[in-house]
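Some notes on the structure that comes next.
Whatever order the structure lists ligands and atoms in, that order sets their numbers, starting from 1. This structure is a prediction, so every number in the text was calculated from the model and none was measured.
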Amino acid sequence: MINVITCTLCLTHDCTLRCRYCYAGRKFSHSMSRETAERAIDIVFTEAKRTNSGADISFFGGEPLMEWELLKHCYNYAKEHATSLIVPPRFSITTNGTLLTKERLSWLAERDFLIGLSIDGNAAMHNSNRCYPDGSGSHAEVAKALALVESSPSLRSQAICVVTPNNVRHLSDSLEWLTSHYSGTISFNIDYWSNWRDEDFELLCEQYSRVAQSVLQSYRDGKPIKLRNIDDKITTHLHAESGNCLRCRIGEREIAVSADGNFFPCSRLVGNGDAPEFNFGNVTDGIDRARQQYIISMRGCATPECKVCSLRNRCLNSCGCTNHAASGKLNEVSPFLCCSEKLFIRTADKLAADLYNKRNHSFMTRFYGDSSKNCAK
Ligand code: SF4
Ligand code: SF4
């Protein structure tokens, strides 16, 4: 399998929204210059060649569609300069949908972009956090963007929903809303920056149990919901013997570039783009190898309980940015992360066991490739 480095370009620190949980730093009108973007792409492509890897380009922000002309320029530049890469680059964008139009979507679809549309579910869940600067909710506009995405069947997409203590009570209703408006992959991203109290976690357990029931029923009905949280944990069960499928490669496999051209090991750690803690170079001086090695040396999981835990190869325990959000350290798991990972793994296992024992056709086809196979579980 070919290793791939992702170059995440934070095209602007500005955004049309002011989501209450935003980790992307202060919002101010400051965009990446064309020269900075080109230099960043050059450096990542050189790094890909040096390490015999592929290189993908991802557009992030702020809201990257605020810099539509720059985005198109970056795409053209990357295509033009990718000729010596071992595989052609793939492109993706994470957008809040407020500036998505039919024309823009067609342009992205024609170039095989993967679109991550941030929509937190139904209006009650979404508007709890995803607001305009005046505090009003953005659900009506983003629901229109979701409809546009849904009407482009060849488009690669996923709906990204951020789950926080203040919106978790709407989770199962939101899954229902999303699946009645969208047939693609849904991802529930837990907000690990938030303070999850015991009662919030109880609510998460209760809601997630309802979510699992809906997913189970969808398999029984022959129209399985594509929920990444469940699917990924089932996949980790099938591949657990080959090591931690979720092992984080922070410092190696992603170079996130702030609008000013500073390098960070993950898009979630860019913030305002000027914090020295995780900075490892810039477009002028290139990659700072000493800083890069320091970040690599800090990753992994140093929590003693994890070393003897039977779930360690199926758990997010080594995800640097998740750990940092929850515990303040790249390699230290927080109690909430541990509890939520156990919840997700056990829920997926229960659901999978039920479907496997009944040789559910949709389940067997999705995870074993052949419904007639008699796989050992
Ligand atoms: S849309 Fe994204 S970048 Fe903009 S405020 Fe919301 S979370 Fe932050
Ligand atoms: S479930 Fe908890 S103890 Fe087990 S590996 Fe994950 S974080 Fe560590």
_Polar side-chain atom of S194 near backbone of W196 as donor-acceptor pair, under 3.5 Å_ = no

*Against heavy atoms of V333, which atoms of ligand 2 measure under 4.0 Å?*
7 (S)

*asked:* Checking side-chain polar atoms at under 3.5 Å, does H30 have a donor or acceptor matched by the opposite partner on D260?
replied: yes

*asked:* Do the side chains of D354 and R220 get close enough for a salt bridge, i.e. N-O under 4.0 angstrom?
replied: yes

*asked:* In this structure, does ligand 1 have an atom that sits under 4.0 Å from one of the heavy atoms of G61?
replied: no

*Return yes if a side-chain donor-acceptor contact under 3.5 Å exists between T303 and N317, otherwise no.*
no

_Ligand-residue contact atoms, ligand 1 with L17, heavy atoms, under 4.0 Å_ = 5 (S)

*Side chains of T16 and E63: is there a donor and an acceptor less than 3.5 Å apart?*
no

*Pair R314 + E341, salt bridge at N-O below 4.0 Å*: no

*With I93, the side-chain contact (heavy atoms from CB on, under 4.5 Å) member among I57, L11, I115*: I115

*Part of K342 with heavy atoms under 4.0 Å of ligand 2, whether side chain, backbone, both or neither*: side chain

*K102 side-chain N/O to L148 backbone N/O, donor-acceptor pair under 3.5 Å*: no

_Suppose we measure from atom 6 (Fe) of ligand 2 to each protein heavy atom; which comes out shortest, and what is that distance?_
C315 SG, 2.4 Å

*asked:* Please list the nearest protein heavy atom to atom 4 (Fe) of ligand 1 with its residue and the distance rounded to 0.1 Å.
replied: C15 SG, 2.2 Å

*Closest protein heavy atom to atom 5 (S) of ligand 1, given as residue, atom name and distance to 0.1 Å*: C19 N, 3.3 Å

*asked:* Looking at H73, is its backbone amide N or carbonyl O close enough to the side chain of N76 to form a donor-acceptor pair, meaning the two atoms are under 3.5 Å apart?
replied: no

_ligand 2 contacted by N317 (non-hydrogen, < 4.0 Å)_ = yes

_Centre-to-centre under 6.0 Å for F113 and F91, is that the case here?_
yes

*C22: numbered ligand 1 atoms lying under 4.0 Å from its heavy atoms*: 3 (S), 5 (S), 7 (S), 8 (Fe)

_Suppose we only count N/O/S atoms under 2.8 Å; would C309 qualify as near atom 6 (Fe) of ligand 2?_
no

*asked:* Need the ligand 1 atom indices (1-based, order shown) with element for anything under 4.0 Å from a heavy-atom of K27.
replied: 3 (S), 5 (S), 8 (Fe)

*For atom 3 (S) of ligand 1, which candidate among P133, S138, G62 provides the closest heavy atom?*
G62

*asked:* Starting from atom 2 (Fe) of ligand 1, what is the nearest protein heavy atom, named by residue and atom, and what distance separates them?
replied: R130 NH2, 4.1 Å

*How close does the nearest protein non-hydrogen atom get to atom 8 (Fe) of ligand 2, and which residue and atom is it?*
C306 SG, 2.3 Å

*Do any heavy atoms of T303 fall under 4.0 Å from ligand 2?*
no

